[in-house]
Amino acid sequence: MSVAAAPEASEALDAPKAPPAPAAVPPARFSTIVTTVENKPGVLARVAGLFARRGYNIESLAVAATEDHRFSRITFTVDVESSSLEQVVKQLDKLVNVVDIQELDPAESIERELILVTVAVSPSGLGGLLGLADEFRAYVLDADADAMMLSLSARPARLDEFARRLQPYGIIELQRTGRVALRMLGARSAPAPAPAPEPEGPEASP
Amino acid sequence: MSSPEKKLMQMTGGQALVKALEHEGAEVVFGLPGGAILPVYDPIIESPIRHILVRHEQGAGHMAEGYAHATGRPGVAMVTSGPGVTNIVTALCDANMDSVPMVCVSGQVPYPAIGTDAFQECDTTGITMAVTKHNFLVTEAQDIPRVIHEAFHIATTGRPGPVLVDIPKDIVDPNNPRSAMTWYEPSDDDMELPGYRPVTAGDPGAIRAAAGLIAESERPVLYAGGGILKARAADALKELAELADIPVVTTLMARGAFPDSHPLCLGMPGMHGNYAAVTAMQESDLLIALGARFDDRVTGRVDGFAPGAKVIHVDIDAAELGKVRAADVAIRGDCRLVIAELTAALRALGGGGAQPDRRAWRSVISGWQEKYPLVYEQSEPGELLKPQFVMEQLRDLTPDDTIVASGVGQHQMWASQYWTFDHPYTWVNSGGLGTMGFSIPAAIGAKVGMPDRMVWAVDGDGCFQMTAQELVTATVERIPVKVALFNNAYLGMVRQWQEMFYEERYSEVYLSYEVPDYVRWAEAMGCVALRVEAPEEVAPAISKANEIDDRPVVLEFRSEASENVYPMVPAGKTNSEIVVDPSQPDPRRGR
Ligand SMILES: Cc1ncc(C[n+]2csc(CCOP(=O)(O)OP(=O)(O)O)c2C)c(N)n1
Ligand SMILES: [Mg+2]
């Protein structure tokens, strides 16, 4: 079966190519930084500039307004050693528009990302595809005679797995959001109790 | 209708901007007008603020810096959009590297034209983001007083630095209804800076821990950086040093923060520091870094820097703590407050009596001082001047509290080495960025801020050719600075590196003794100018310059081109590999 996806798109997203590879679980050096910033023009550029200046690549980025319209939240995942990360966090803290910074330990936080994917549908593949959607509890958002659009919100690793399993059907288009994260309820006050294992599987309604 | 009183408070954004600068205490603005900033220049005519018209905007920036270095008050510069802004970027970066408080107001094309590639538009906030502490693009005339207040607040608190305020023309232009605003006196309560919370007091537990380390140390060194001057902590430092009997090194940014004549003063450490200062740090068991940032020019190769030393690091900027060298005790806070607390904590531990006897350490250091003093050979008759000799003469023939503003190069190192800085705020230089051309405009700014003090610019021939045009400003504005121009016909510092590290292959470092003719050039700019070629002419020329107080003076000292700055720690080497003057025994052989 031919894969109709734009190859550069799937490459950029690090989606595994056939033949199936193990799911790309981020190594532990990935860190998630959640910043609360003033909701003003140019603030994202200041924050992103700090990383760029030091040659750090931003793995994932999510920006949106918060419950208070004066502030936005920028969530990054970056791939840096802990010593450099400390320096980045301190530099971020110096930005006048940055109000708050939290470093989230992946083991103590819940991370979610959303994938939207359009897959080719053939009469022979339809059953398998619906089965896969069911297994991952993905939603069918749109469909026509030869394609189907699915959505899934889950841990990034689970999205990797989902994308890998969809690959053989022919991914036409795929988009993922940056990840967002919150500290686990049990980890909010120090000293943190051993966190409960992260719940697997589906999220609430689409 | 509004009352006449209320009506009085209506004004344009341009008027409000000038009034806001007055409100912040600005007494002088260095700048140069242009299309986008015209509406702000108009109300300057009525303002008590003195405006100094520069010949190049880089000059305005360095003047604002020199003013701030000498007075401690923020310098103010004003430029137009586009090229006005790009011309001042170097000075902003310089101020950012050396934590100099300044506010730069820049004109911008009208707000609706931003992003259209309008005439003289550039992305000012984008360009200056990385070289300022913070910058603002003001979009409403009504915000001007508040934003100017915020700009001064940010520039002068925490770790000081440059702040740029970009002002679109429409909000200041009286012909545009968008410039209408109602004046208010901005106060701290008006500020909208939820993310800006500078910390000043140090953590008491950490201060006690630091005092404990000091009380146990046998070979401590106080490593004083520019933060001492920014925090106005020179007196506090002296009290601490004397109480605990600890020798002090003053970095290039901290010359004058501790008196050179004081028996505990070791002078400048680092790449061209003196042997005793460099080696005392290297052999120390405790470095007490105060407002210093472990710059590579001080540490040499970091992994071989002061290998046996524990570190106490005090800085107002948390990002400096542990950035280069891990600290055993890191204290975030204002140097003056933390040093005072530290001194109190040491007193509580029993003061000087309760600490190890440091006489042995002191005598080891004096041994180094005696063995490796700064030396140079006097010139033979008929030879050109030795720059070190000229520097000593200048030091000895000028008042004790003379302000010296330096360029960047060999002459800068000789000035720092040979001058005796016994007062804070007498040394103005470009340390972090190393900006050639800094000295003349910085000296002008310092003289404007400190008109009763003698101000000398110590400059190189390369540097002079970068910003000499500001001597026109000095003449026209009657700012009688003096310039000691060390003409060695070379980009001397680069020549020295090519001699030492590139097998004497001299590539593009030769300038010329004769061209330009510095005396005629200086005279053309309205200065009194003298060329000095023989040692016996040096003192009379300096005395003559000292007597002139109605215009700038330039003394061109024809100096020996082959002279090198020693000691020197070659780049990439550890401080233990320090190279001393060739006439002295090589300390590396003993190791
Ligand atoms: C703007 C700028 N360009 C280049 C340099 C690199 N540089 C450092 S010192 C120096 C030579 C300075 O020459 P001069 O002013 O004659 O001083 P000297 O070393 O001869 O005393 C140069 C080119 C610099 N510091 N600044
Ligand atoms: Mg020179």
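Note: hydrogens, waters and symmetry copies are ignored here, and every other heavy atom, side chains too, is used. Just so it is clear: chains get the letters A, B, ... in the order the sequence lines come, proteins before strands, and each one is counted from 1.
Scanning both residues, B:A319 and A:Q91, for their nearest heavy atoms gives CB-NE2, 3.6 Å. When all heavy atoms of A:K94 and B:D317 are compared, the closest pair comes out as NZ-OD2, 2.5 Å. Considering all non-hydrogen atoms of both residues, B:M129 and A:R46 come closest at SD-CG, 3.6 Å. Between A:V99 and B:R197 the shortest heavy-atom distance is O-NH2, 3.1 Å. Residue B:A130 comes nearest to A:R53 through the heavy atom pair O-NH1, 4.2 Å, listed as atom of the first residue, atom of the second, then distance.
No other option in B:T125, B:N135, B:L137 has as many heavy-atom pairs under 4.5 Å with chain A as B:N135.
In this structure, OH in B:Y196 is found 13.5 Å from CD in A:E38, a value given to the nearest 0.5 Å. Taking CD of B:E192 as the start and CZ of A:R70 as the end, the distance is 9.0 Å to the nearest 0.5 Å.
Both the backbone and the side chain of A:V96 have a heavy atom closer than 4.5 Å to some heavy atom of chain B. With a 4.5 angstrom heavy-atom cutoff, A:L50 does not touch chain B via any of its atoms. With a 4.5 angstrom heavy-atom cutoff, B:E150 does not touch chain A via any of its atoms.
Within a 6.0 Å sphere centred on NZ of B:K310, heavy atoms belonging to other residues, nucleotides or ligands number 12 at most. The environment of CZ in A:R54 is crowded: more than 12 heavy-atom neighbours from other residues, nucleotides or ligands sit within 6.0 Å. Sparse packing is recorded around CG of A:L182, with 12 or fewer heavy atoms of other residues, nucleotides or ligands lying under 6.0 Å away. For A:D68, the CG atom counts as densely surrounded, since its 6.0 Å shell holds more than 12 non-hydrogen atoms of other residues, nucleotides or ligands. Heavy-atom contacts from other residues, nucleotides or ligands closer than 6.0 Å to OH of B:Y111 number 12 or fewer.
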